[in-house]
Amino acid sequence: MSHERESTNTPARPEEPGPPEAPDLSVVVPAYNERHRLTPTLDALTDYLSADEPRWGSWEIVVADDGSTDGTGDLVTARRDPRLRLVTGEGNRGKGHALRLGVAVSRGRRVLVTDADLATPIEELERLDKALGEGDCAAIGSRSVPGATIGARQHRVRELLGRAGNALIRRTALPGIHDTQCGFKLYDGDLAREAYAASRVSGWGIDVEVLRHLRDAGLSVAEVPVRWSHRPGSKVGPLDYVRALTEITRIAARSVRPADVFAPFLFLLMSVALYSGRFFAPADRYLPDSLRDQNQWEWFFAVTADNVAHFRNPLFTDLQGFPDGVNLMANTVMLGMSVPLAPLTLAAGPAFTLSLVMTLGLAATAAAWYWLIVKYLVRGRVAAFLGAALAAFAPPMVSHAHAHPNFVVLFMVPLIIDRALRLCAGTRVVRDGVVLGLMAAYQVFLGEEPLLLTALGMLLFAAAYAVLRRDAAREAWRPLLRGVLIGAAVCLPLIVYPLVWQFAGPQSYTDIEHNPRSFNSPLALLSFAERSWLAGDADTAKALAFNTTEQNAFYGWPLALLALAIVVLLRKRAPVTALAFTAVAAAFLSLGREFRIPLTGVVLPGPWELLADKPLFEAVIESRVAMICAPALGMLLAVAVDRLLAVRPPAIRYAGLLAVALALLPLIPAPLRAVDRAEVPPFITDGTWTSYVREGESLVPVPLPDPSDADALHWQTEAGFGFGLPGGYFNGPYGDERVGIYGAEPRFTSNLLREVRNTGVIPPVNDSWREQARVDLAYWKAGVLVLAPQPNDSALRATVEKLLGASGKWVGGVWVWDLHEGTRPRAAPITLP
C-alpha cells in the first residue's frame, strides 16, 4: 500500500517590510501652541506640494511640537495623513530644541525648515530650490538682500531690534550673511541632519549655529531674496531677544580659535614688558629718552580733560603760550582718545592715562595687524603672529613708543586697509564707503600724519599690484573709486570745522621747519636701533638719527637680506612683489631731499623733493616715511613663515626658520629706560603759588618752558591748571608769515634767560634790557617769577635780580619774585607799566 509523505515544509512567513523609501523633500515645522495658525499652514503646504508632484516628488511634513498645551499635536494626528508626522519633545525647551528633534527624524534628500506662521509663502520654495541646485549646500530666505519683498511689517521696535541683531550676527558669527532669522531655509538633507545634530543651543540662535557649522566645514550658503509678511500671534517676547543674544555670544565664543585669544594677550604682555619701567608707577616715573615729549603729551591729555570738564573749546587753550594760547587741533592732541578718556584723566591723572593709552594702544595695533594678516594673507596663526609683531614692535615703532602716542596707537590703520579691500570687491560699496569715511574721520582725531602715511603706503601697494594684476585692477577701480568718494562725502563734513580751525584758526601756522637732519641715511635702514636688546648701539643710532624718538628706520641688515630672499623665492605671488615694492619705495622716499652716498661726498637730488613742498606733505618729517616698511615687512614675513611651516623636507624648513630667527632676534627691543621723576616744588604742590598769582595772571618759570625744558608743564598739571604759563612746548606761529616753530614766539626776555641757562654766563644788564623785561612781563601778565633749582641757577638768579632790581625770596623750595607792588615786604619792589 502506498501512503502520502507528510510534508515537512512550513508555511513561509510574510516578508518583513523594509524602511520606507526616503522622500525627496522633508518640511520641518517647529510649533508651540500653534493650534490656530497651524491648520492653514498645513493646508497650504499639502496643497502646494500635491499640486505639482512631478516637480517636488515625494514629500513629508514633520511637525516638531515643543511641548504645546493647546492640543497642537492632536491637530496633526487627527489628519490621519501618513505624509504628516508628529514628533514631540518633553516640555517647552525652545525653537532650537524642536528643530533639532524635527530634522533628526526627517528622511528627505532635501529639508525645508519653515515657521508655523508661513510668513514666507511656500511658493518661494521655487527660488530656494533653484539656488540649491546650483551647488550650494543651503539656500536661506532673506529679507535684507536686493529683490526681497516685505508686505505687512512688524512693529517698528521689533524691526529695529531684528536689524540690530542681524548686524551683531554679521560682526561676530556670520560675516556676509545679512538675514539669518527669516524662518524659511532649504538644506541638503544629510548635511542638515549632521549640522542640527551638532548644534547645542535650544533657542532662536540655532539658525546661526547651524549656518556657522556649514560655513566652518567650507560649504557655501546662498542667501535668496523672498517675499515675507508679518503674521500676528508671534511667540517672540522681549526676553527672547536677550536669550538669543546670549546664545549668539556662546556660538561666537565657541568658534574663536584659542590662538586668536592668546595672540592679543601675548601682544599685551609684550607691550607691558616694553613699558615696565613706567607702567606700574606712571606718575612717579619718566622716560628720559622721550626728551620733553612725555611732559608735553601728559599736558595734552590733561588740558583736554580740563576743557571738557569746564565745557570749553577742546580745539584751543591759553593755559600754555599765555596769553596768545595754543591751537590744539594743530598740535595732534589725539582728541579721539583724550576726549573720551577725559573722565579717566580727571580721576587718575594724565600720567596714568598716557601710560594706559600707549601700552594698550601698542597691543591693540599689533592685534589689528594680526587680524588683517589672518583675514587676507595667511591662515597659520604662528606666521600671522610673527608678522604682526614685526609690524607693531619694529624699531621705528619702539622709538616712537617713548612719547608719541599718535604713532603708537595705530589700530585704525589695518581697519582702514580692510575697508578699502572690501571696496575693491564691490559687494556693498555704499555701506563700506560710509564706514571708510567714518574710520578716516576718527583717524584724523588720532593722528593726521599717520593717516597720510597710510594713504601713501596704500597708493604704493595699489600701483604695484595694478601693474602685476591688471585684470584685478580693472574690476576693482570703479567700486574702489566710488567708495572712496562716498567715504570723502561722509568724512569731510565731520572734520571740516576742526581742519579750518587747525589751518586758519587762532594760533594756526602755515608750515613748520623740522630738524635739518630729518631724513634717513641709507646706513640707518641697515643699522640697529638704540633700544635693540642684543645689537643696539647708542652711538651709532645717535649718529644716524637726530634724537631717540625719531629713529625711524634701523631695520637691520639681516632683516633686509631676509626680505630680499623672500621676494626672490616668492616673486610669482603678486602680493609679495607689491609689498616689496611698497617697502623699497617708502625706504627710498625717506632718504629726504638729498641723497648722500655713504662714505663719499657725493650728493644727489633726493626722492622726497617731489613731495616736500606739496600740500600736507610739507609738514611731514620725511624719515617717518620709512615707518611704512614695518607692516610691509611684517606681511612679507608672515607669508614666508606660513610657507616654511608647510615645507615637507625638514632640513629646508628648519634652515628657513633659523634664518627668520637670526633676522628677528637683533630687533627684539629692550624695555624703555625709566628714571624717577623730578619732584615738583612744594611751592606748587602745597598751593603756595595761589597767594602770588591773581586771576588772569600767569606764573613765569625761569627760564620760560620750551622744547628743551618743559618741566613747568608738569607743575601746571599738578596745580590743576590754576595758572597760565607763558612760553611752552607746542607748535605755534612766528612772525607775520606765521611760519610754524616749536614753542612760543620768542621775546627778548625769554631769549635772554634761555641763553643764561645754556651758558651759565651772567650778561651785562642795562636800563634798556630792564625796560624790555618790564614790557615782556606786562605782555605775559606775570604775577610771579619762579626759579627752581637747576644747572646754572645761580647765574639765572643773578640775572633776574639785575633785570628786576629786586632780590628773590626762597619760598617752598624755589626762588620767587612777587611782581605786585605793596602786597608784601621785599627788598626792592618794582612797578610794571
Side-chain angles (χ1 to χ4, degrees), residues 175 215-216 218 252-274 362-395 397-398 410-411 413-415 417-418 421 532-534 555-556 558-573 575-576 578-580 582-583 629-669:
R215 275 281 188 87
D216 290 344
R254 285 201 303 267
S255 65
V256 173
R257 295 177 59 168
D260 294 339
V261 176
F262 183 67
F265 177 71
L266 193 54
F267 289 138
L268 179 60
L269 290 182
M270 292 165 63
S271 187
V272 170
L274 186 69
L362 187 57
T365 300
W369 284 120
Y370 172 85
W371 169 80
L372 186 75
I373 291 171
V374 166
K375 183 174 182 180
Y376 289 102
L377 279 180
V378 301
R379 302 297 296 175
R381 268 42 182 183
V382 172
F385 175 83
L386 291 175
L390 179 58
F393 291 88
M397 294 290 292
V398 173
L410 298 178
F411 62 86
V413 170
L415 303 183
I417 294 173
D418 165 64
L421 292 173
S532 293
W533 187 25
L534 298 177
Y555 291 100
L559 182 61
L561 290 178
L562 177 64
L564 178 61
I566 293 170
V567 174
V568 170
L569 294 174
L570 302 179
R571 61 186 180 278
K572 292 183 179 180
R573 296 187 59 174
V576 169
L579 286 168
T582 303
C629 300
L633 292 172
M635 293 181 194
L636 285 174
L637 178 68
V639 173
V641 171
D642 194 56
R643 288 291 298 272
L644 276 174
L645 293 175
V647 169
R648 289 285 184 181
I652 296 177
R653 181 165 64 248
Y654 295 147
L657 294 176
L658 178 62
V660 170
L662 293 176
L664 295 183
L665 282 175
L667 303 184
I668 295 176

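Predicted, not measured: the structure shown is a model, and the values here were computed from it. Because only heavy atoms are used, hydrogens play no part in the values below, and waters and symmetry mates are left out as well, while side chains stay in.
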Gap separating the OG1 atom of Thr365 from the CG atom of Leu410, nearest 0.5 angstrom: 5.0 Å

Nearest non-hydrogen partners of Leu636 and Val576, listed with the distance: CD2-O, 3.6 Å

Sidechain N-carboxylate O distance under 4.0 Å for Asp642, Arg379: no

Side-chain donor or acceptor of Arg643 paired with backbone N/O of Ala640 under 3.5 Å: no

Spacing of Met635 atom CE and Ile417 atom CD1 [to the nearest 0.5 Å]: 5.0 Å

Atom of Pro666, atom of Ser532 and distance for their closest heavy-atom approach: O-CB, 3.1 Å

Heavy-atom pair with the smallest gap, counting every atom of Ser271 and Leu362: OG-CB, 3.7 Å

Plane angle bin for Tyr370 and Phe267 - parallel if under 30°, tilted between 30 and 60°, otherwise perpendicular: perpendicular

Side chain to side chain contact (heavy atoms under 4.5 Å, CB included) between Ile668 and Phe393, intermediate numbers included: CA-CA 8 Å; Ile668 295 176; Phe393 291 88; over 6 Å; no

Leu415 side chain near Trp371 side chain, heavy-atom distance below 4.5 Å: yes

For the student: nearest non-hydrogen atoms of Cys629 and Tyr555, plus distance: CB-OH, 3.5 Å

Leu637 vs Leu633 side-chain heavy atoms within contact, under 4.5 Å: no

Value rounded to 0.5 Å, distance of NZ in Lys375 from CG in Leu421: 8.5 Å

Distance, nearest 0.5 Å, that separates CG of Leu657 from OH of Tyr654: 8.5 Å

Nearest heavy-atom neighbours spanning Ala632 and Ala583: CB-CB, 4.1 Å

Atom pair CG (Leu562) and CG (Leu662), whose distance is rounded to the nearest 0.5 Å: 9.5 Å

Full working for side chain to side chain contact (heavy atoms under 4.5 Å, CB included) between Val378 and Ile373: CA-CA 6 Å; Val378 301; Ile373 291 171; 3.7 Å; yes

Considering all heavy atoms, the nearest Ala392-Met397 contact: O-CB, 3.2 Å

Residue Tyr376 excluded, over 12 heavy atoms near OH under 6.0 Å: yes

Pairwise distance CG(Leu564) to CG(Leu559) - rounded to 0.5 angstrom: 11.5 Å

Side-chain heavy atoms of Ile566 within contact of Val639, under 4.5 Å: no

